[in-house]
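Proteins come first, then strands; the chains are lettered A, B, ... in the order of their sequence lines, and each starts at number 1.
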2 protein chains.
Amino acid sequence: MPERLAQSAFALFSRHGIQNVNLDRIAAHAGVTKGSLYWHFESKDEIIQAACSHYYRSWHRRINVEIAPFADPLERLERALGFSVRTCLLDKENRVFTLEIFTLSLHDEAVRRGWRQFLDSVREFYVGLLEAARAAGRIKTPDSRQAVDFLLAAMEGIKLQALFDPELCSRRVEKQISEQLLRTLGCVERRRASAADGSSRAHTPR
Amino acid sequence: MPERLAQSAFALFSRHGIQNVNLDRIAAHAGVTKGSLYWHFESKDEIIQAACSHYYRSWHRRINVEIAPFADPLERLERALGFSVRTCLLDKENRVFTLEIFTLSLHDEAVRRGWRQFLDSVREFYVGLLEAARAAGRIKTPDSRQAVDFLLAAMEGIKLQALFDPELCSRRVEKQISEQLLRTLGCVERRRASAADGSSRAHTPR
DNA sequence: ACACTTCCATACTGTCCGGTATAGTCCGCG
DNA sequence: CGCGGACTATACCGGACAGTATGGAAGTGT
């Protein structure tokens with residue numbers, strides 16, 4: 001039941017925002033009433049934290065599913081990048097929820113700490129992918145950490161832009177941005193192949 | 001008086017967030033009471049809009065002051081970039097206020113429209129600087145608009161990172177990021193000069 | 001002096017919402 | 001069977017706050 005409440009909270013927060021969703025609504029969405037909700041959670045803050053945890057776990061699960069079929073380090077990196085960019089551009093719920101969390105983080109140390117831990121795990125995830133691609137000679141970047149930091153920052157920015165420019169929310173832009181981000185990472189082989197042989201175009205993920 | 005109320009609203013919103021600031025507080029900050037405030041503005045929404053307009057005007061004024069002393073296109077671009085990056089990293093009020101506005105934009109079309117107009121004006125500002133630098137042969141980028149879009153996105157992302165990592169809020173990181181952004185713009189001369197002659201180091205703004 | 005306008009202060013109103021109190025139901029265990 | 005614990009539903013509470021009503025003050029024009 002606590003997990004169902006957390007899911008309901010996430011679902012509602014990610015559509016309507018945190019302030020616009022009251023506890024009666026979360027409880028009803030989970031099929032119970034507010035009394036039950038208060039049995040499991042002490043406060044709205046605690047429910048918000050539960051929704052965050054739900055989101056963090058879900059993100060990790062989804063991105064791992066995305067890269068699981070691939071062994072090539074650069075392919076894995078590309079897939080992960082593609083997933084992230086797609087999430088930023090097309091996943092409106094992700095946008096709403098994360099923005100709400102950021103704003104809450106401004107004044108709530110606990111929420112900030114939670115996001116920071118999540119961000120650290122995402123960073124380690126990407127550094128791992130990048131180092132593997134680097135070891136395989138597919139990426140050339142002087143400093144993996146810094147490159148990943150830049151990448152993550154760029155993706156957050158892109159997410160914001162998508163909020164204000166719905167035309168960005170397309171597969172074409174997604175591909176464009178993914179390539180741009182790969183370029184900033186110092187992708188060596190991808191670029192050359194693209195310039196030399198148009199058949200790599202067909203190789204691009206859909 | 002309306003301008004004083006808008007300034008008060010901005011000052012308070014940029015420190016405490018929009019939800020955490022009630023109208024009594026804004027009025028008191030401006031030296032009046034809520035009745036006066038309601039004489040000038042119809043609703044809290046209208047006061048939020050006034051605070052936004054105040055912020056937008058202030059931003060344009062400040063960045064123009066920053067680049068006014070310089071004639072060289074690349075120097076102007078660098079100064080503007082430096083100002084923006086500094087604002088993102090060090091100006092906490094800017095961070096708080098803009099994040100609050102983004103979150104409000106998720107569900108409020110009027111706020112979203114306002115920011116979008118502001119963003120368009122910022123984009124045009126940077127495209128203007130970039131084109132000038134390009135015409136002077138100081139910048140090499142295939143598509144100014146796209147480059148500026150990427151730049152603006154990156155800056156928003158950096159602002160978010162600064163929220164979660166206070167160590168980023170330093171002049172060293174500011175310089176590092178500014179250089180990185182210049183690199184993504186296709187800055188030709190700056191890079192070469194830096195590699196060839198250490199004296200350009202002293203030329204770097206403090 | 002009076003009327004009008006602009007602006008302001010104060011008290012009030014009603015809604016919303018997080019949180020609480022209390023009673024009820026169900027299940028497992030001795 | 002009785003009891004305790006986990007869970008649930010319902011009614012209630014009090015505070016917060018945007019917005020409203022009303023009266024007052026000051027300035028201006030006739």
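As a whole-Å value, the separation of B:L5 CG from C:dC8 C1' is 11 Å. The CD atom of B:E46 sits 14 Å away from the C1' atom of D:dA18 (whole-angstrom rounding). Rounded to an integer number of Å, the gap from CH2 of B:W39 to C1' of D:dA26 is 13 Å.
Looking at A:F13 and A:E100, their side chains never come closer than 4.5 Å, going by heavy atoms from C-beta outward.
Pairs of residues two or more places apart, or lying in two chains, that qualify as ring pair (Phe, Tyr, Trp, His ring centres under 6.0 Å) and include a residue from residues 87-114 of chain A are A:F10-A:F97, A:Y55-A:F97, A:F102-A:W115, A:F102-B:F164. For the salt bridge (charged side-chain N to carboxylate O under 4.0 Å, His left out) condition, the pairs that include at least one residue of residues 101-110 of chain A, sequence neighbours left out, are A:E109-A:R112, A:E109-A:R113.
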Please list every donor-acceptor pair under 3.5 Å in which a side-chain atom of residues 30-41 of chain A meets a protein atom from a residue at least two apart or in another chain.
none

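Sorted by residue number, the list of members of residues 100-108 of chain B with any non-hydrogen atom under 4.0 Å from DNA chain D is empty.
Scanning for ring pair (Phe, Tyr, Trp, His ring centres under 6.0 Å) contacts around A:H60 gives A:F118, with sequence neighbours left out.
Under the 3.5 Å distance criterion, the side-chain polar atoms of B:T141 are left unmatched by any main-chain donor or acceptor of B:S144. Using a distance-only test at 3.5 Å, with no hydrogens or angles considered, no donor-acceptor pair links the side chain of A:E174 to the main chain of A:L89.
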Indicate for each nucleotide in nucleotides 9-20 of chain C, in 5' to 3' sequence, whether protein heavy atoms under 4.0 Å reach the base (B), only the sugar-phosphate (S), or nothing (-). BB------SBBB
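Within 6.0 Å of atom NZ in B:K92, 12 or fewer heavy atoms from other residues, nucleotides or ligands are found, so the atom counts as exposed in its surroundings.
Side-chain N/O atoms of A:H40 include one lying less than 4.0 angstrom from OP1 or OP2 on D:dT8.
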